[in-house]
Structure formats: C-alpha cells, structure tokens
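Structure first, then comments.
Along the sequence shown, residues are numbered consecutively beginning with 1.
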Amino acid sequence: MLHAAVIALSSLLLFLVQPLIARLILPWFGGGAAVWTTCMLFFQSLLLAGYAYAHASNAKLAPRRQVILHIALLAAAAATLPIAPSERWKPLGDEEPITAILILLAAAVGLPYLLLSATSPLVQAWFARARPGANPYRLFALSNVASLAALIAYPLVVEPFLSNGEQVAGWSWLFGLFALLCAALAWRSAAPAADHAAVLPDAPAPKRSEVLHWLALSATGSAMLLAVTNHVTQNVAAIPLLWLAPLTLYLVTFILAFGGGFYRSEVFWSFCLAWLMGMAWLLVDIDYQFELPLQLGVFLSGLFVTCLFCHGELYRLRPPPRHLTMFYLVVSAGGALGGLLVAVVAPLAFNGYYELGLSMIAVAFLAALRCATLYEVARNMSLAVLMGVTGAAIYDGLRFQEDVRLASRNFYGVLRVKEYGTPGGADHSRRLLHGVIMHGEQYLHPERRGMATSYYQHSSGIGAALLARGDRPGPMRVGVIGLGTGTLAAYGRTGDTYRFYDINPRVIDVASRAFTYLADSDAKIEIELGDARLSLEHEPPQDFDVLAVDAFSSDAIPVHLITREALALYLRHVKPEGIVAFHVSNRFLELVPVVARLALENKAHAVAVFEGSGSGEDESRTQSDWVLVSRDPNALQGKQFEAVGAEPAEDREALRTWTDDYSNLIQILK
C-alpha cells in the first residue's frame with residue numbers, strides 16, 4: 001500500500017539523518033554529548049513545525065491546492081540536496097554553541113526534515129479521507145517501527161561500512177525516491193473529492209482541558225527520555241552508544257500504544273506506580289549507586305513503563321480522525337517542550353541533573369490524575385507514590401551537593417569539585433568530576449600541593465614523556481588539549497611554556513578558582529578557549545616538545561581529535577623529535593590500536609604505556625593508558641620509558657584507519 005510505503009520511508013529517513021548530520025557537525029563543536037542533545041532539540045522543534053504545516057494545510061487548503069503546495073515544497077527540498085553542511089558554517093571556536101548548531105542545522109537539512117516530519121500526519125489524513133471508518137492511527141505505529149529500524153541500523157550497519165560522504169549520497173538518493181512517491185500519493189489523494197471537509201465525519205472540537213492533557217503527557221514522556229538518558233550516561237556509566245537504549249525503548253512505547261490492544265490503563269497504572277517507586281528508591285540509596293546492572297535495569301525499564309503510560313494515555317484520549325492533524329500537532333509540541341526544558345532550560349537554571357526527579361514527579365502527578373477516575377485503592381496509592389517520588393527528588397537534589405565545594409553546569413555538562421580526606425591532613429584532596437568521571441585531583445596540604453597526581457603522575461605515560469624531554473637543556477614548550485584541573489602545569493619549570501586548549505569556559509574558571517596548579521606553576525601558562533583542533537588549524541606551528549591529547553573520557557570521544565588528519569596536524573605543531581601523547585584510558589573502548597594505525601599512516605612510531613593502579617605501599621597511583629607517538633624513534637627510548645614498562649603499540653591489520661570521513665566505535669568495544 002502506497003500510504004504505508006511513503007510513511008515508512010519518511011520515518012526511516014528521519015531517523016537516519018539525525019545521527020548522520022550530528023556526526024558531520026560533531027567535530028566542529030567539541031565532539032561532546034551536548035551536541036547530540038542540541039541536535040535532538042532541533043529535530044523535535046522541526047518535527048513540531050512539520051506537524052503545524054500538516055495541520056494548517058489540511059485545515060485551510062482544498063485538496064488540490066494542498067497537493068500543489070506540497071509537491072512544490074518537495075521539489076524545493078530536493079533542490080537543496082546533498083545535505084552535507086558547507087565548510088563556511090565551521091565555527092571559529094568562540095561562538096555560543098547552541099545557537100550556532102541550530103542555525104547550521106536549519107541551513108543544511110531544514111526543508112527536507114520539515115517535509116519528512118509532516119509526512120506521517122499528512123498521509124494519515126489522506127488515508128482517513130480515502131478510507132472512512134478505517135483506523136489511521138495504526139499508521140503512526142508503523143512510522144515508529146520504521147524509525148526504530150533506522151535507529152538500530154545506523155550504528156550497526158550504516159556507520160561501520162559507509163564513509164560520511166557515502167552516507168550523505170545514499171541518504172540524498174533515498175530522499176529523491178521519497179519525494180517522487182510522496183508526490184504521486186499526494187496527487188492521487190486529491191482526486192476522489194473536491195472538498196475534504198465533506199469526506200471526514202464532523203466531530204466537536206477538543207476542549208482546552210483535553211488539549212492541555214495531550215500536551216502534558218507528550219512533554220512528560222519526552223522529558224523522561226532525555227532525563228533518563230542524561231542520568232544513565234552521566235551519573236551511572238558513560239558507556240558508548242548507551243543513549244541508543246533509551247531512545248529505542250521510547251519508540252517501542254509509541255509502537256505498542258498506537259498499535260492498539262496492548263495498553264490497558266485500568267491495569268497498567270499499578271505498573272507505572274511500582275516502577276516510579278523503584279526509580280525513587282535508587283535515587284536515594286547510595287549503596288547501589290555503582291551497581292551497573294541494577295541501575296540500568298531499573299531506570300531503563302522505568303523509562304519504558306512511564307513512557308508507555310504517557311503514550312498509552314495519549315492513544316486512549318485520541319480524537320476522531322477529523323481532528324487527527326491537530327492531535328499530532330499538540331503531541332509534537334509536547335515533545336519539543338520536553339526537549340526544550342531538559343536541553344536548554346535545565347542547564348541554564350540548575351547546577352546539577354535535577355530534571356530526572358522533576359520528570360518523575362510529573363509522571364506521578366499524571367498517574368494520580370488518571371487514578372482519580374478509578375477506584376479508591378488506586379487513588380490512595382497514586383497519592384502516596386506522588387508524595388514519595390517528590391520526597392526522593394528533593395533528597396537527591398540535596399545529596400548531590402554533599403561535600404561539593406563548587407558545582408557548575410552549562411552546555412558541556414555538570415562540573416563538581418568535591419573534597420575528600422581530613423581538612424589539614426596529608427590526605428586532604430580536591431577532585432574535579434564530570435558526571436562519574438574524574439578529571440584531575442590535587443592534594444591541599446602545602447607539602448603535597450605541587451604533586452602531579454592521578455593520570456598525570458611521574459610514572460604515567462605523559463609523566464615519562466615530560467621527564468624525558470625535560471632532561472634536555474633549554475626551556476620546554478608543552479601543549480595540552482583538555483585543561484581539567486591543570487595538573488600538567490606542575491611539571492613546568494622556569495622558562496617553560498605550557499599552552500592549554502579547552503572548549504569549556506567553565507573548566508577554565510574551575511581550574512583557576514578551585515585548584516592552584518596553574519597559579520603555582522613556574523612555567524608561563526597560556527590558555528586558549530575553543531575547540532583544540534580548530535585552534536591548531538588556525539595557528540602557526542607551535543614547536544611543542546610534547547603535545548598531550550587528553551580529551552577522551554568514557555563515551556564522550558571527540559572522534560575528530562583522533563583521526564589520521566588530526567595526528568598529521570599535531571605532528572605539524574611538534575618538533576621533529578617531539579612527542580604527541582594520547583591519553584586513551586577507557587573502560588569500554590580499546591583506543592590503543594586506533595592510535596597505532598594513525599601513527600603508521602603518518603609514518604611515525606608509537607609505544608603504549610600502561611600504568612597500573614596503586615597497591616601495597618603506593619595506594620595513590622591511578623590506572624592510566626597512554627600512547628606516545630613521534631617521528632623520531634629515539635624520542636621514545638630512554639630510562640623513563642623503560643622504568644614504566646613501555647610496550648610496542650598493537651596494530652590490527654583488520655582495523656580500518658579512522659579519518660575525518662570514517663570512524664567506527666563498534667569495532668573497538670572491549
């Protein structure tokens with residue numbers, strides 16, 4: 001059936017273009033998870049615009065005029081292909097990132113995405129006109145099945161085998177096919193009747209309270225999706241591609257709810273309340289904070305149950321087909337509102353991840369509204385759960401600030417400075433945390449304050465590189481990508497220059513206010529704000545003795561900093577005998593062979609330095625993995641490297657070289 005084919009193809013393209021376009025612009029904005037969140041906000045907002053167009057054209061235009069307009073827009077969208085953003089949109093490094101990303105996306109993919117977004121409600125309206133009495137809402141379930149297929153296929157099938165250019169070309173050809181099929185269906189839909197209002201049975205307009213209920217249910221489901229995604233990827237475990245699981249579950253709930261027959265609110269309210277209490281329990285019980293299977297099991301299943309409640313209630317409260325496009329417009333407005341609250345408002349208003357607790361309170365409130373129409377037991381239980389979830393959210397927010405000296409949140413995430421040990425004692429220390437990842441530590445005792453700690457201690461790979469270069473006469477020039485606490489400044493001597501690059505202005509502020517490595521260093525300190533690679537591309541050769549690339553932590557892999565072209569750029573900025581040191585410590589990804597391949601491609605040499613965690617007499621040692629690359633093999637030899645047990649970096653012949661046009665996280669999962 002042509003209706004089903006057009007909807008399925010449009011939904012497939014919708015969810016293929018999202019990771020594709022995000023992948024293309026990630027290198028321009030630091031490669032962090034916040035770029036994806038901002039892209040999600042754009043896509044949700046444009047989905048709303050598409051649904052608004054579908055509703056307006058269906059309500060205000062006669063079928064023939066609607067078809068002519070839609071075919072003209074399809075032709076205009078096809079004329080904008082391919083969708084790859086132009087290099088002129090590349091930022092200089094000091095722009096406000098959210099606004100820059102939204103404008104770039106609008107220019108690159110705005111019109112095609114708008115028309116793809118409008119397809120599902122438009123085609124459902126055409127289907128309802130062509131087949132009065134049939135259930136057009138089942139086509140919405142079909143669209144989510146196609147979306148789910150695209151979501152799963154991209155990281156498993158598309159990304160591992162196709163370069164960026166091939167992905168752009170393939171998507172553009174598929175959009176051309178979609179435009180032809182959609183135009184044919186639109187032309188056919190206008191033929192049966194001249195007046196679409198006479199075809200669909202009349203029905204009273206929805207009440208304002210009904211519209212607000214739709215909006216609240218949709219916004220709450222969207223907010224739960226992003227809040228749970230933030231929680232499990234930032235506060236539980238920064239596992240690569242973990243964001244895929246929440247989005248998959250979110251789509252499945254739409255499929256089950258709008259497929260009809262699965263959701264029964266008379267029974268399901270009890271499951272919703274039970275899972276809300278389970279999530280509330282884990283929010284307040286710190287004994288299970290790092291129990292990964294339990295945390296992921298409860299929060300991911302909780303997301304599924306709560307979103308199924310929200311979307312099931314939407315389907316239960318759906319209007320007659322006469323008001324179908326208005327219904328979808330409100331649903332998409334709620335989705336955009338939920339995304340706006342989590343992606344934009346929360347980082348501006350909060351200094352921590354409080355939106356999960358607030359979203360759970362919203363679900364509990366909506367469940368209480370539903371239970372108010374049921375029997376007394378349901379009403380009493382829902383009110384008890386609402387109070388329990390509210391108390392848990394408040395407690396979690398207060399505990400988040402425990403032992404925290406400073407907390408800050410912006411586009412790039414939440415930074416916290418926590419203190420440990422006995423004040424005034426030798427063990428008194430301060431750590432910089434980004435989610436569950438430590439980004440540096442400093443002892444506060446005067447005799448230990450200047451120690452290089454954690455991943456940067458003397459026995460680490462970067463420590464060995466700096467000590468080896470420091471044995472040579474004359475001042476040393478060092479570059480560092482990723483400031484953290486500024487620990488590497490502790491190696492600085494009089495006459496040395498340490499130049500730090502960081503994209504997050506809050507990191508620079510925290511390193512200066514809460515830590516003293518920068519202020520205490522004997523070296524000259526330079527700090528460059530902006531994406532390091534963009535900055536280095538615009539700078540003359542820096543002649544670094546050592547360049548530390550320290551921006552890889554868990555799933556937040558700025559891939560553009562670890563490609564063949566990136567290493568070529570780094571080598572241009574180091575002396576012929578200089579060292580590029582990659583910090584590749586990672587619980588989930590094996591980055592050593594990736595760097596080894598890059599060194600091979602750039603005709604350089606590499607060694608891997610694995611530093612084990614402390615045991616016995618030295619409990620303070622932190623486990624770290626570094627790969628050191630140099631064009632001069634003699635630079636990677638010496639007593640410092642032998643002392644830490646340097647091993648030849650592994651090279652996998654089957655591993656495809658990472659470039660600006662290709663990378664594959666799946667292949668390097670541990």
Side-chain angles (χ1 to χ4, degrees), residues 92-94 432 439-440 442 449-458 460-505 507-551 561 566-583 604 626 628-632 634-636 638 640-641:
L92 298 176
D94 56 353
L432 175 61
H439 282 261
Q442 183 178 28
R449 197 169 73 175
M451 287 178 53
T453 60
S454 63
Y455 317 112
Y456 318 104
Q457 55 209 351
H458 287 190
S460 66
I462 185 61
L466 291 172
L467 293 174
R469 302 304 299 164
D471 284 345
R472 302 191 179 191
M476 187 163 58
R477 185 168 175 81
V478 176
V480 184
I481 297 176
L483 174 61
T485 59
T487 308
L488 289 179
Y491 287 90
R493 307 164 305 177
T494 302
D496 292 345
T497 299
Y498 276 65
R499 183 173 177 82
F500 292 90
Y501 299 85
D502 206 287
I503 197 171
N504 189 350
V507 170
I508 299 173
D509 180 59
V510 170
S512 302
R513 291 172 53 194
F515 300 89
T516 65
Y517 283 122
L518 298 178
D520 293 345
S521 179
D522 292 328
K524 176 185 177 183
I525 302 298
E526 298 176 349
I527 298 179
E528 179 71 18
L529 175 63
D531 179 75
R533 182 162 171 189
L534 293 178
S535 298
L536 289 170
E537 286 176 355
H538 296 130
E539 292 177 352
Q542 294 294 308
D543 287 331
F544 291 126
D545 292 275
V546 176
L547 174 60
V549 186
D550 183 29
L561 297 181
L567 179 55
L569 176 66
Y570 303 152
L571 291 173
R572 182 171 72 85
H573 281 281
V574 300
K575 296 176 180 177
E577 69 280 6
I579 297 174
V580 180
F582 289 88
H583 186 192
W626 290 82
L628 310 182
V629 178
S630 178
R631 286 171 296 208
D632 182 1
N634 295 323
L636 303 178
Q640 290 86 356
F641 298 107

Heavy atoms of Ala465 and Leu628 approach each other most closely as CB-CD1, 4.3 Å
Across all chains, not counting sequence neighbours, the salt bridge (charged side-chain N to carboxylate O under 4.0 Å, His left out) partners of Arg572 are none
### Query
Can you tell if the side chain of Lys575 reaches within under 4.5 Å of the side chain of Asp632, non-hydrogen atoms only?
no
For Gly486 and Leu518 the tightest heavy-atom approach is CA-CD2, 4.2 Å
Rounding to 0.5 Å, atoms CE (Met451) and OH (Tyr456) come to a distance of 15.0 Å
Hits for ring-ring contact (aromatic ring centres under 6.0 Å, His included) against Phe544, two or more places apart or cross-chain, chain-then-number order -> none
Checklist entry - Quick check: does any side chain N or O of Ser460 sit under 3.5 Å from a backbone N or O of Tyr455, one acting as donor and the other as acceptor? => result yes
d(Ile481 CD1, Arg533 CZ) to nearest 0.5 Å is 10.0 Å
According to the interplanar angle, ranging from 0 to 90°, do the rings of Phe582 and Tyr570 count as parallel (below 30°), tilted (30 to 60°) or perpendicular (above 60°)? tilted
Open item on the list: Counting neighbours of CZ on Arg513 that are heavy atoms of other residues, nucleotides or ligands and sit closer than 6.0 Å, is the number greater than 12?
Closed with: no
All heavy atoms of Ala490 vs all of Gly450, minimum pair found to be CB-O, 3.5 Å
Looking only at heavy atoms, the pair that brings Gly492 and Ala523 closest together is CA-CB, 3.6 Å
The side chain to side chain contact (heavy atoms under 4.5 Å, CB included) partners of Pro475 (sequence neighbours excluded) come to Asp496
**OP:** State, with a plain yes or no, whether a side-chain heavy atom of Thr453 is found less than 4.5 Å away from one of Tyr517.
**Re:** yes
Sequence neighbours excluded, the answer for salt bridge (charged side-chain N to carboxylate O under 4.0 Å, His left out) partners of Glu539 is Arg499
### Task
Assess whether side-chain contact (heavy atoms from CB on, under 4.5 Å) is satisfied between Ile579 and Val574, documenting all intermediate values.
CA-CA 7 Å; Ile579 297 174; Val574 300; over 6 Å; no
So Leu488 and Ile462, side-chain contact (heavy atoms from CB on, under 4.5 Å) or not? Walk me through it. CA-CA 9 Å; Leu488 289 179; Ile462 185 61; 3.9 Å; yes
For Asp520, the side-chain hydrogen bond (donor to acceptor under 3.5 Å, both in side chains) test, sequence neighbours excluded, returns Arg449, Thr516
Salt bridge (charged side-chain N to carboxylate O under 4.0 Å, His left out) filter on Asp502, not counting sequence neighbours, yields none
query = How about Tyr501 and Leu534: do any of their side-chain heavy atoms sit closer than 4.5 Å?
reply = no
Residues passing the salt bridge (charged side-chain N to carboxylate O under 4.0 Å, His left out) test with Glu577, sequence neighbours excluded, are Arg469
Paired with Leu483, the side chain to side chain contact (heavy atoms under 4.5 Å, CB included) test is passed by just one of Ile503, Leu529, Val507, Val510, namely Val507
Item to complete: Walk me through it: do Phe500 and Asp550 pass the test side-chain contact (heavy atoms from CB on, under 4.5 Å)?
Response: CA-CA 10 Å; Phe500 292 90; Asp550 183 29; over 6 Å; no
Sequence neighbours excluded, the answer for ring-ring contact (aromatic ring centres under 6.0 Å, His included) partners of Tyr491 is His458
Minimum side-chain heavy-atom gap Leu466-Tyr498 below 4.5 Å
yes
Closest heavy-atom pair, Ala635 versus Ser630, reported as atoms and distance to 0.1 Å, is CB-OG, 3.6 Å
Value for CD (Glu537) from NE2 (His573), rounded to nearest 0.5 Å, stands at 8.5 Å
By side-chain hydrogen bond (donor to acceptor under 3.5 Å, both in side chains), Thr485 pairs with (sequence neighbours left out) Thr487
For Ala604 and Val629 the tightest heavy-atom approach is CB-CG1, 3.7 Å
